[in-house]
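See structure below.
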Amino acid sequence: MRLDALTIRNFRNIISLDCEIPPEGVVIIGENGQGKTSLLEAIFYLALFRSLRGSRDRELVSFGSDGFFVAGEVGQRIQAGYEISGQRKKVSIDGDPITRLGDAVGRFTAVPLAPADRELITDGPGARRRFLDVLLSLGDKQYLRRLSELKAVLKQRNAALRMGRKDEAAAFDGPFATAAEYIVRVRRQWADDWQTRYAEINTALGEAGTSSMEYSPRREEPETQETIRSELAITIERDLAGTTTGFGPHRHDLRILREGRDLRRYGSGGQQRTAAIALRLLEAEALTERTGDRPVTMYDDIFTELDAKRQGYLLDMMKDWDNTQVIVTAPRESEVPREMFDRPRWSINGGKIEA
Amino acid sequence: MSAIDDLNAELAKLPGIGRKTATRLTYHLLKQPKPTVERLASTLRTLAEKVHPCQKCGNMSESVLCPFCVDPRRDDTSFCVVEESSDIDAIEKAGEFRGRYHVLGGRLSPLDGIGPEDLAIDALKHRVEQVDATVEVIVATNPSMEGEATATYLSGVLKTTGALVTRIALGLPVGGDLQYADAVTIGQAMAARRKMPE
Ligand SMILES: [Zn+2]
């Protein structure tokens, strides 16, 4: 996957930017608040048409503007625009408007690594569900569709629960089970398939001992629509009391373990950072396998946070990547690893790029 | 408020018509010859005065009972339940169904505050109970999440009546091409597969 050219208007800290990106990628130097992260976020927007860290579209609009626009050349031209007034998002591919966003998601893939990724490990299960959901949506249209169905059905079921209407809430159990069964099956399968590779990447990043991940809750037998429905039927009294649906994939987790213990609670900062990087690298590999094309990989100021040893391991791993466009940002020249010296270099200042 | 603003506001309340389209329609009407506009106005008035829900099934009709309810040749032991009157037209065009209709007037949507009491569910139960024979109720609500939930709810409500409750099959469109069908539709079509006749 290669992003050849990028256009940004009124996106976060960037008012207007047009650039061509070298095939091997680029190193971008800029102090905080100059637009580095905005640039990477705009690029990622072309993959998912949603913010990387779950911000609302209107929060992505530059202060004082009435909307934003992002376009990228990736072999095809992907355009996305948003207007605050109509709360309307417009996406087009090669000039053809896309009516169902799902049809455009995953045409372009990118994996961003940033210091904030440590939250993948330290935050609650929601952060890791989001990680899984983004990754699986990019590679599987049906997953994205089932996911939005599940969200819609949960809203309906919970609205009925809030009104204390048991039969009406239960009427949504069928559609809930249809969506939930698919989502859980795909997530479990992914966690199983990539378990070994996750451990290998951790080792390659210099983490001694066993690293593992497992989908939670564990199940001896896979869930079926029937088991999900009967579970919902059993727990509905509790749901009525709590006025929310307590059972389902929206409560699950991808547990990250070291020596069999929860890294979220028992890990050091360094171990948590390594595990987060490992998850992102795993995401890149999984996307490569699903789409047949390596995603654009973006390092947002990631080297500053890593000690020399871990930096070295990460850079070693990158050597094996052929045909990968890598975009790296750093606050200062001195933070750029030696191995990246031969890459094209830009600086970014006040949302403007100087090559 | 001027007359123009009034009409803009009324038109913008219609489904699928935003502020912009409403304004365009208003100015379009202003440019038409007076009789054209008056004909539209009188058509609207007639619609409001003459058309009412059928007292039995809820279908929109110009008489107390709609044609499907008074037709003696239709089967009294078979009901087809739809969300809206307009769904009846679609089913009638197919010509497969020869029983009686029942219009719910919407679908369950707790989020929008639409519950069973807002739909003609009691009336349906009552109608089914009045038939002195085994009844089949075909639930033809939309294949949306809310349509499915409504179907499930109905089947629960009708349990005590002893009626056979069936759901229209969901699957591939006739004349379509399998390779262009989306995965969810194919999945449903697979789940609803049937045995081939010997
Ligand atoms: Zn009628």
Side-chain angles (χ1 to χ4, degrees), chain A residues 83 85-88 99-100 102-103 136-137 139-183 185-186 224-226 229 232-233 236 239-240 243-245, chain B residues 12 16-23 81 83 104 106-119 121-122 125 139 141-160 165-168 170-171 179-192:
Chain A
E83 277 172 37
S85 59
Q87 295 193 29
R88 281 253 293 274
T99 43
R100 267 214 322 239
D103 294 339
L136 296 170
S137 296
D140 177 354
K141 270 182 201 158
Q142 201 186 346
Y143 187 87
L144 182 63
R145 193 159 153 189
R146 293 296 195 196
L147 203 60
S148 43
E149 271 172 23
L150 186 80
K151 278 185 191 149
V153 85
L154 263 174
K155 277 189 193 160
Q156 290 284 21
R157 194 175 189 273
N158 291 344
L161 290 171
R162 280 195 300 274
M163 292 185 286
R165 299 184 161 209
K166 185 176 162 182
D167 292 344
E168 283 161 69
F172 286 91
D173 290 2
F176 183 95
T178 312
E181 188 272 335
Y182 185 85
I183 289 166
R185 174 156 46 91
V186 172
T224 63
Q225 293 190 23
E226 287 70 41
R229 292 184 70 144
L232 288 169
I236 194 156
D239 285 353
L240 278 167
T243 65
T244 186
T245 304
Chain B
I17 295 189
R19 206 67 226 185
K20 261 187 199 164
T21 314
T23 311
V81 183
E83 290 180 19
L104 292 174
R107 58 211 183 1
L108 285 183
S109 181
L111 211 49
D112 305 305
I114 301 172
E117 67 281 359
D118 302 303
L119 306 174
I121 293 178
D122 282 343
K125 192 177 175 194
V139 184
T141 49
N142 286 318
S144 63
M145 175 242 298
E146 289 85 2
E148 284 302 321
T150 309
T152 306
Y153 185 87
L154 278 180
S155 123
V157 168
L158 294 172
K159 210 164 262 170
T160 54
V165 182
T166 55
R167 178 86 174 103
I168 49 163
L170 312 170
Q179 63 173 321
Y180 298 123
D182 67 88
V184 174
T185 305
I186 293 180
Q188 276 165 343
M190 278 289 179

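The figures that follow rest on heavy atoms only: side chains count, while hydrogens, waters and symmetry mates do not. Sequence lines set the chain letters: A, B, ... in the order given, protein chains first and strands last, and positions in each chain run from 1.
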Sort out for me which of A:Ala179, A:Ala159, A:Gly86 touches chain B most, counting heavy-atom pairs under 4.5 Å.
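Among the listed options, the one with the most contacts to chain B is A:Ala159.
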
Top contributor to chain A interface from B:Gly113, B:Gly18, B:Ser109 [non-hydrogen pairs under 4.5 Å]:
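Most heavy-atom pairs within the cutoff with chain A belong to B:Ser109.
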
What are the two closest non-hydrogen atoms of A:Ala160 and B:Pro110, and how far apart are they?
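Between these two residues, the closest heavy atoms are N-CB, 3.5 Å.
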
For the residue pair A:Glu168 and B:Gly115, what are the closest heavy atoms and their distance?
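So the minimum-distance heavy-atom pair works out to OE1-CA, 3.6 Å.
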
Working to the nearest 0.5 angstrom, can you tell me the gap between A:Phe172 CZ and B:Glu146 CD?
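If we round to the nearest 0.5 Å, A:Phe172:CZ and B:Glu146:CD are 5.5 Å apart.
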
Rounded to the nearest 0.5 Å, how far apart are OG1 of A:Thr178 and CE of B:Met145?
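Atom-to-atom, A:Thr178:OG1 and B:Met145:CE are 11.0 Å apart.
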
Over 12 foreign heavy atoms within 6.0 Å of CG, B:Asp122:
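For B:Asp122, atom CG is not crowded (no more than 12 foreign heavy atoms under 6.0 Å).
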
Under a 4.5 Å heavy-atom cut-off, does chain B meet the side chain of A:Ala152, its backbone, both or neither?
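For A:Ala152, backbone and side chain are both near chain B.
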
In terms of heavy-atom proximity below 4.5 Å to chain B, should A:Arg146 be classed as side chain, backbone, both, or neither?
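Answer is side chain: those atoms of A:Arg146 sit under 4.5 Å from chain B.
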
Would the distance check show the side chain of A:Gln156 and the main-chain N or O of B:Leu111 forming a donor-acceptor pair, the cut-off being under 3.5 Å?
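Judged by distance alone, yes, a pair lies under 3.5 Å.
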
